[in-house]
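Okay, structure first, notes after.
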Amino acid sequence: MNYSLLCTNLQFEWYHTERIGPTSTQTMIRDCGPGAHPILWGSSGITDYQQLLNNNDDDD
């Protein structure tokens with residue numbers, strides 16, 4: 001799972017979490033700095049099965 005965050009002061013942060021469960025939740029707490037706040041954020045990830053397929057494709 002990956003998380004990204006862009007603040008009003010154009011500070012960009014990217015975080016990577018190795019694995020999470022299918023029904024688990026994650027909380028992202030970050031301080032953008034004085035007077036700034038998050039304006040864009042998102043997350044992405046792939047399943048264990050997709051990672052296995054990607055690893056097999058890399059072996060070819």
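Within a 6.0 Å radius of CZ in Phe12, other residues, nucleotides and ligands contribute more than 12 heavy atoms.
Considering every non-hydrogen atom in both Pro38 and Leu5, the closest pair reads CB-CD1, 3.4 Å. Residues Gln51 and Ile46 share a closest heavy-atom pair of OE1-CD1, 3.0 Å. Closest non-hydrogen pair, Cys32 versus His37, comes out as SG-C, 3.8 Å.
At a threshold of 4.5 Å between side-chain heavy atoms, the hydrophobic network of Ile, Leu, Val, Met, Phe, Trp and Tyr places Leu52 and Ile20 in two separate groups.
Here the CG atom belonging to Leu6 is positioned 4.5 Å from the CD1 atom belonging to Ile39, to the nearest 0.5 angstrom. How far OG1 of Thr8 is from CG of Leu40: 10.5 Å, rounded to the nearest 0.5 Å. To the nearest 0.5 Å, atoms CD (Gln50) and CG (Asp57) are separated by 8.5 Å.
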